[in-house]
Amino acid sequence: MIMLVGGGGFLGLNTARYLLDNGEKEVLMVGRSGIRTPSFLASYANKQIKVGQGDILDLHFLYGLIREHNVDSIIYFIGGGGRRGLYHSINSNVSGINGLLEAARINRMRRVSVVSSEAVYEPNRKHLPCTEDRDLPVDLPQGGVGAAKRILEQICLSYAREYSLSIAILRPPHIWGPRGEGDEGKPRPIMTEGEGIGGGGGIIDILFANAVAGKVSEFPSPGMGQRGYVYVRDCAKGMAMVHLAPKLKHEIYNVSDGELHNLRDFAKAIKEVIPKAQIMFPTLSAEREKQEALREYPTMPIDRIREDVGFTPDYNLSRAARAYIDWLRKGEYN
């Protein structure tokens, strides 16, 4: 059985759906608090989905769970924790991984897959493509996530090489799409009433939620700088394909759509579905627009994951926007 540590989170839930839809008989979803099963997993609840509630730092709990459910591989989804500071970033990413890797070694598990981040590539002053074989810069990224993920990766690589464990490190960019449900049983986007739209991980969710609700989205920034995004269903698919592959040629994989998008691209995709959506950007001079258009992140090529496991994204931006809007409107997970 595959154990999904942090399986009740955004990416964990979507990966569980992909695994079960594609033939896995059961998955074990582990979280410190209870895991709520969203509507898109309802048909599997209390059947193929097993739940373990507890702290993986408690080795008695962890090893007992592995034995009870005959776990043969692990996907580690613990998130960045960046908004809560460096202590929480490092604690959430690093504290639990040693026990998991040691359990994998002792139980001779088939594979451990660990979710990292595009943040490990920063700073990238030469603006080089973020290929997996690039040497990472010596100076650390700003903020806690990139630093924590770098530490996480080094621990994993050390275990892989010391004990010949099959470990896959998965690096996604910003992930967006269906997240789960609120207490009232309706889709729950990341949205704060009365809040102006600025930056942050929830900006795409706010943009879509406002469009569906008929609210205005007014951006203080021009929204022209491009960066990597990946629709959550594609991200879950790529990660599952790497985890399930019989053999891997490499230890690190980008999981992306291989493209760059800006907020204006998202606005255009939304208006293809909701023509009356009110999404406003500030008016700029021609010179300023030219400068803003040059503000973009490097690409995250996906040649390696395509060649090694056959991954190709199912969703371009237009199809993903339509699917997300359908889900927000009707709870349909397409």
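- Smallest separation of non-hydrogen atoms from Pro178 and Phe10: O-CE1, 3.0 Å.
- Judged by distance alone, with hydrogens and angles left aside, the side-chain atoms of Asp234 form a donor-acceptor pair with the main-chain N or O of Tyr315 at under 3.5 Å.
- Linking Ile, Leu, Val, Met, Phe, Trp and Tyr whenever their side-chain heavy atoms come within less than 4.5 Å puts Val94 and Ile56 in one cluster.
- The two residues Gly214 and Gln278 come nearest to each other via the heavy atoms O-NE2, 4.4 Å.
- Around the CZ atom of Arg32, the shell of radius 6.0 Å holds no more than 12 heavy atoms that belong to other residues, nucleotides or ligands.
- Atom NZ of Lys271 is surrounded by more than 12 heavy atoms from other residues, nucleotides or ligands within 6.0 Å.
- Under the rule for a side chain to side chain contact (heavy atoms under 4.5 Å, CB included), the partners of Asn316 that lie at least two apart in sequence or sit in another chain are Ser318, Arg319.
- In this view, Ala245 and Arg111, Leu248, Val309 satisfy the side chain to side chain contact (heavy atoms under 4.5 Å, CB included) rule, not counting sequence neighbours.
- His261 and Phe266 have perpendicular rings, their planes meeting at more than 60° on a 0 to 90° scale where under 30° would count as parallel.
- Using a 4.5 Å heavy-atom threshold, the side chains of Leu4 and Met29 count as touching.
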Using the rule given for side-chain contact (heavy atoms from CB on, under 4.5 Å), can you reason through Met1 versus Asn70, listing the C-alpha separation, both sets of side-chain angles and the distance that settles it, and then say yes or no? CA-CA 6 Å; Met1 184 185 294; Asn70 195 26; 5.8 Å; no
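- If you chain together hydrophobic residues whose side chains sit under 4.5 Å apart, Leu57 and Val30 never meet in one group.
- The ring pair (Phe, Tyr, Trp, His ring centres under 6.0 Å) test applied to Phe281 returns Phe219, not counting sequence neighbours.
- We find that Glu118 and Arg227 are joined by a salt bridge, their nearest charged nitrogen and carboxylate oxygen being less than 4.0 Å apart.
- A donor-acceptor pair under 3.5 Å is absent between the side-chain atoms of Asn107 and the main chain of Ile66, judged by distance alone.
- Residue Glu122 holds its CD atom at 8.5 Å from SG of Cys130, rounded to the nearest 0.5 Å.
- Here the CD atom belonging to Glu251 is positioned 5.5 Å from the CG atom belonging to Leu157, to the nearest 0.5 angstrom.
- Side-chain contact between Ile2 and Leu244: present, with at least one pair of heavy atoms (C-beta onward) separated by less than 4.5 Å.
- Residues passing the ring pair (Phe, Tyr, Trp, His ring centres under 6.0 Å) test with Phe208, sequence neighbours excluded: Trp176, Tyr324.
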Enumerate, atom names and distances included, each donor-acceptor pair closer than 3.5 Å involving a side-chain atom of residues 40-51, sequence neighbours excluded.
unit_1, atom_1, unit_2, atom_2, d
Tyr44, OH, Asp21, OD1, 2.6
Lys50, NZ, Lys47, O, 3.2

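- Side-chain atoms of Ile203 and Leu207, non-hydrogen and from C-beta on, never get closer than 4.5 Å to each other.
- For the pair Glu153 and Arg150, the salt-bridge criterion is not met [side-chain N within less than 4.0 Å of a carboxylate O].
- Within the model, atoms CG of Leu101 and CD1 of Ile167 stand 5.0 Å from one another, a figure rounded to the nearest 0.5 Å.
- Inspection of the Asp257 and Tyr229 side chains reveals no N or O donor paired with an N or O acceptor under 3.5 Å.
- In terms of the ring pair (Phe, Tyr, Trp, His ring centres under 6.0 Å) criterion, Tyr18 has no residue partners (sequence neighbours excluded).
- A salt bridge is absent between Arg110 and Asp72; no separation between the charged side-chain nitrogens and carboxylate oxygens falls under 4.0 Å.
- Rounding to the nearest 0.5 Å gives a distance of 12.0 Å between CG of Leu317 and CZ of Arg322.
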Run the side-chain contact (heavy atoms from CB on, under 4.5 Å) check on Val273 and Arg329 step by step: do they pass? CA-CA 12 Å; Val273 185; Arg329 282 174 167 170; 4.3 Å; yes
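- Using a 4.0 Å cut-off between a side-chain N of Lys or Arg and a carboxylate O of Asp or Glu, Asp303 and Arg306 qualify as a salt bridge.
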Ile252 vs Arg171, test: side-chain contact (heavy atoms from CB on, under 4.5 Å). Steps then yes/no. CA-CA 8 Å; Ile252 302 172; Arg171 294 174 176 170; 3.5 Å; yes
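- Taking OH of Tyr253 as the start and OG of Ser116 as the end, the distance is 15.0 Å to the nearest 0.5 Å.
- Between Gly8 and Leu13, the closest heavy-atom pair is O-CD1, 3.5 Å.
- Between Pro173 and Met300, the closest heavy-atom pair is CB-SD, 3.7 Å.
- In this structure, the side chains of Ile279 and Val216 stay at 4.5 Å or more apart for every pair of heavy atoms.
- Across all non-hydrogen atoms, the minimal contact from Ile206 to Ser217 is O-OG, 4.4 Å.
- Leu100 is not listed as a side-chain neighbour of Val112, based on a closest heavy-atom distance of 4.5 Å or more.
- Ile97 and Tyr163 end up in the same hydrophobic cluster when Ile, Leu, Val, Met, Phe, Trp and Tyr side chains are linked at under 4.5 Å.
- One hydrophobic cluster holds both Leu28 and Leu59 under the rule that ILVMFWY side chains link at heavy-atom gaps under 4.5 Å.
- The line from CD of Glu26 to CG of Leu19 is 12.5 Å long, rounded to the nearest 0.5 Å.
- Within the 4.5 Å cutoff, side-chain heavy atoms of Leu260 are placed close to those of Thr299.
- The two residues Ile270 and Ala277 have their closest heavy-atom pair at CG2-CB, 4.0 Å.
- Under a 4.0 Å N-O distance rule, the pair Asp314/Arg233 does not qualify as a salt bridge.
- Annotation: side chain of Ile151 is not in contact with side chain of Gln154 (no heavy-atom distance under 4.5 Å).
- Side chain of Asp265 to backbone of Asn262: a donor-acceptor contact under 3.5 angstrom is found.
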- request: Report the C-alpha distance between Leu170 and Val114 in whole Å, list the side-chain angles of each, state the deciding distance to 0.1 Å, and finish with yes or no for side-chain contact (heavy atoms from CB on, under 4.5 Å).
  value: CA-CA 6 Å; Leu170 306 164; Val114 179; over 6 Å; no
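- Of the possible donor and acceptor atoms, one in the side chain of Lys237 sits under 3.5 Å from a partner among the backbone N and O of Thr312.
- Val115 is not listed as a side-chain neighbour of Tyr76, based on a closest heavy-atom distance of 4.5 Å or more.
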